[in-house]
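Sequence lines set the chain letters: A, B, ... in the order given, protein chains first and strands last, and positions in each chain run from 1.
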There are 2 protein chains.
Amino acid sequence: MKSVSEFDSDSPRHRAPTIKDVAARAGVSTATVSRYLNGSPVRQAALVRDAIEALAFRPNQLARSLKSGSTRSIGVLVPDIANPFFADVVKGIESVLRTGEYSLLLCNTDESVERERSVSLTLLQKRVDGILMAPATEQSEAPLILRARHVPVVFVDRRIASDGFDYVLVDNAAGARQAAEHLVSLGHERIALISGPLDTTPGRERHAGFEQGLQACGLEIRPEYLQVSDFREEGGYQAAFRLLATQPPPTAMFVANNLMAIGALRALHSLGVRIPEEMSFVSFDDLALAELTTPPLTVVSRPSTEQGVLAMRLLQFRMDQGDEPATREIVLETRLIVRGSTAPAPVPAPAT
Amino acid sequence: MKSVSEFDSDSPRHRAPTIKDVAARAGVSTATVSRYLNGSPVRQAALVRDAIEALAFRPNQLARSLKSGSTRSIGVLVPDIANPFFADVVKGIESVLRTGEYSLLLCNTDESVERERSVSLTLLQKRVDGILMAPATEQSEAPLILRARHVPVVFVDRRIASDGFDYVLVDNAAGARQAAEHLVSLGHERIALISGPLDTTPGRERHAGFEQGLQACGLEIRPEYLQVSDFREEGGYQAAFRLLATQPPPTAMFVANNLMAIGALRALHSLGVRIPEEMSFVSFDDLALAELTTPPLTVVSRPSTEQGVLAMRLLQFRMDQGDEPATREIVLETRLIVRGSTAPAPVPAPAT
DNA sequence: TCGAATTCAGATACCGATTTCATCCGCGCA
DNA sequence: TGCGCGGATGAAATCGGTATCTGAATTCGA
């Protein structure tokens, strides 16, 4: 083999230039280049700058992170990025990230604890500086693994059973209660509920809040009017179908999230059920076209993007503070937006 | 200061265990542990396994990546994750990732070339193995920087001016043409267009396709019926308002994406314009509630999630193949879904 | 003009893994 | 019993940066 020293030293085929290449070109040591990069005063600054420019050198963040212990990246675990709510949350997170140099590692968990676990381990290996997550269930163990490793974790929208974590939540119970009271105040008595999984915070709290709201008005939810579903469009579709098959059918329904609401509406639509004449309809979470449907939808709305923003701020704080023991919990307000999909009950209840 | 050697060596306060800790505990060398981790036959396998178990050791991916040159992560650049289309694309990407051990670094570019540039540089420093992006404009320079560094890049939904890249696109022109022909076939002549930015592929192609479609039917778009907007909801709202102020107003409109369509619908709604009696409405991209509005919306639909899946597959291929020169271009079909928001023109055109 | 204080540069250890290379061990066979 | 061989092992180099330590050069005051 002939000598290829020229190739070796001068034109590293596809190799990204390293600090060594810069040092050689500028005629200084790598330590000096490193100092230049980090703002220390360097006499030959001009030479170093030119060398960096000429080679289009970009310091390898991996090497930096390995030494410094900080990767400047955070993990975000959401059940479903195609759910507009979580897309909004992620957008909120992203908008705060932007100010710094952090990156966002996004993971879909598909509501699966198994996947949540494996993804958490991967993030652990990748040494993210912090994690924002909406756990799959309240019994998720992944967060505990993370805490054992002292990775800061902030929960968005959902709790887990064990405490000692930071949270950014919304007042699900109050929102659902408002929805219940609204329906009752319109004279409804045959009221149905399409719930989410009861081992998730929003599922449980919205369910409980709605029942509470009814009970406060002296009503109970009949078993046949209760459908526990899965927060998915298809689940909402099926549930609505089952509800409509009961005799007599309900005159009002509350659907516990946006995707199930879409599914339920599709079902009502396909059965030709008129809203609100035959069925009053309220759901949790606003939807892009909610005010443009006919009738426009009455919903329990909440600040989705803000949930993301606040969660990221909390995580920032947590990452800076290290092991501050006090935990923080932010609970945002929901708002009932009454549009046209709810109306007085068709057969007025007898007055007391 | 007193000696704290016990702390140093025995109870590493918050430090994650390293391969060295495992080696010490198992009484072997780090090389052996490494070999065990990578599947080489090791005599003391049981001891090593126990040590790993006991310490809950997880190899530091940073160190691995530094040595191997592969980070097992890819960057994804989208203009707006809150746009349901891009959320679907990302979900598609994610679903392919899942099979392997890759992670996804998500970046919002907000349609800004400046932000796109800075984010690309960050990803470069993070040494991602590949990048999927929907460039902000066709003149984006970020991809060229990436190519200079030999990072595989696949474009989703949008092109850039320079060639030599892989693409997963949809046939925007055909979709827009179909929309145009559909409106003309209903007898419309006063047809308006709300376009996206013309320096983006979908903006340009849908615009051109729609004009072509009209021209093929012997129609021209009147200047006052043309609004070039920005793919955002607010932009669509404004544009629709301006269109409705013309005299005479158009009897039909085509809106070039989902968010602008929502904005435009809001405007029409607030002005009390009846659809389809006074205005036929078609838009590009399906929407979650599109078939539940009254009337249900006629749209040009396309396989969003599939675009993500295919793009990720292409990137996988590209990352495996290295510097295969041949580029691939996948163009998916659109589909016109005629629902109720388009109807015959109110004043029939005189027959030939 | 000399000595002390201050800067700045270079050599080198280090972060936590992988990998090469030389060594060593046990085993089979003569 | 001795030799050779295959396979497992440990020491050490390496990836690309940062940080410490030491030595040299500069500056300043006396």
Side-chain angles (χ1 to χ4, degrees), chain A residues 8-9 12-49 51-52 55-73 101 122 124-129 149, chain B residues 8-9 12-49 51-52 55-73 101 122 124-129 149:
Chain A
D8 290 346
S9 60
R13 301 280 290 170
H14 282 178
R15 225 189 71 249
T18 74
I19 200 171
K20 222 176 275 184
D21 302 320
V22 175
R25 192 173 227 272
V28 298
S29 73
T30 61
T32 300
V33 178
S34 174
R35 275 187 283 258
Y36 171 83
L37 290 172
N38 295 301
S40 294
V42 161
R43 233 187 273 292
Q44 310 281 40
L47 274 180
V48 177
R49 180 166 33 73
I52 289 176
L55 298 171
F57 167 77
R58 295 250 124 208
N60 185 327
Q61 181 66 39
L62 290 171
R64 275 187 163 170
S65 298
L66 181 57
K67 188 93 225 282
S68 71
S70 155
T71 53
R72 312 233 117 219
S73 61
E101 280 307 300
T122 303
L124 217 49
Q125 291 193 221
K126 290 243 159 85
R127 297 298 193 265
V128 292
D129 293 346
R149 282 286 189 253
Chain B
D8 290 347
S9 60
R13 302 278 291 168
H14 283 178
R15 225 188 71 248
T18 73
I19 200 173
K20 221 176 277 181
D21 302 320
V22 175
R25 193 174 226 273
V28 298
S29 74
T30 61
T32 300
V33 178
S34 173
R35 277 188 278 259
Y36 171 83
L37 290 172
N38 294 302
S40 293
V42 161
R43 234 186 275 291
Q44 310 280 38
L47 275 180
V48 176
R49 179 166 34 71
I52 289 176
L55 297 171
F57 166 77
R58 296 249 121 210
N60 185 328
Q61 181 65 40
L62 289 172
R64 276 190 162 169
S65 299
L66 181 58
K67 190 92 225 291
S68 70
S70 154
T71 53
R72 311 235 116 216
S73 60
E101 279 307 301
T122 303
L124 217 50
Q125 292 193 221
K126 291 243 158 87
R127 298 296 194 265
V128 293
D129 293 346
R149 282 285 189 257

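Here the closest heavy-atom approach between residue Leu66(B) and residue Leu62(A) is recorded as N-CD1, 4.2 Å. Contact between Thr71(B) and Val128(B) at its shortest, heavy atoms only, is OG1-CA, 3.6 Å.
For the 3.5 Å distance criterion, the side chains of Ser70(A) and Ser68(A) fail to qualify, holding no donor opposite an acceptor.
The side-chain heavy atoms of Val28(A) and Val22(A), taken from C-beta on, include no pair separated by under 4.5 Å. Considering only heavy atoms from C-beta on, Arg64(A) stays 4.5 Å or farther from Arg72(A) through its side chain.
Rounding to whole angstrom units, OH of residue Tyr36(A) and P of dA19(D) are separated by 18 Å. In this structure, Gln44(B) places its CD atom 14 Å from C1' of dG7(D), rounding to the nearest Å. Following rounding to the nearest Å, Arg43(B) (CZ) and dG7(D) (P) show an atom-to-atom distance of 11 Å.
For the pair Ser65(A) (side chain) and Gln61(A) (backbone), a donor-acceptor distance under 3.5 Å is present. Checking side-chain atoms of Asp21(A) against main-chain N and O of Thr18(A) turns up a donor-acceptor pair under 3.5 Å. Using modelled atom types, no side-chain atom of Thr30(B) and backbone atom of Ile19(B) make a donor-acceptor pair closer than 3.5 Å.
Comparing the start and finish of the helix from dT1(C)-dA30(D) to dA30(C)-dT1(D), five pairs each, the helix axis swings through 50°, to the nearest 10 degrees.
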Quiz item: Which letter, B, S or -, goes with each nucleotide of nucleotides 16-22 of chain C from 5' to 3', with contact meaning a protein heavy atom under 4.0 Å?
Solution: BBBBB--
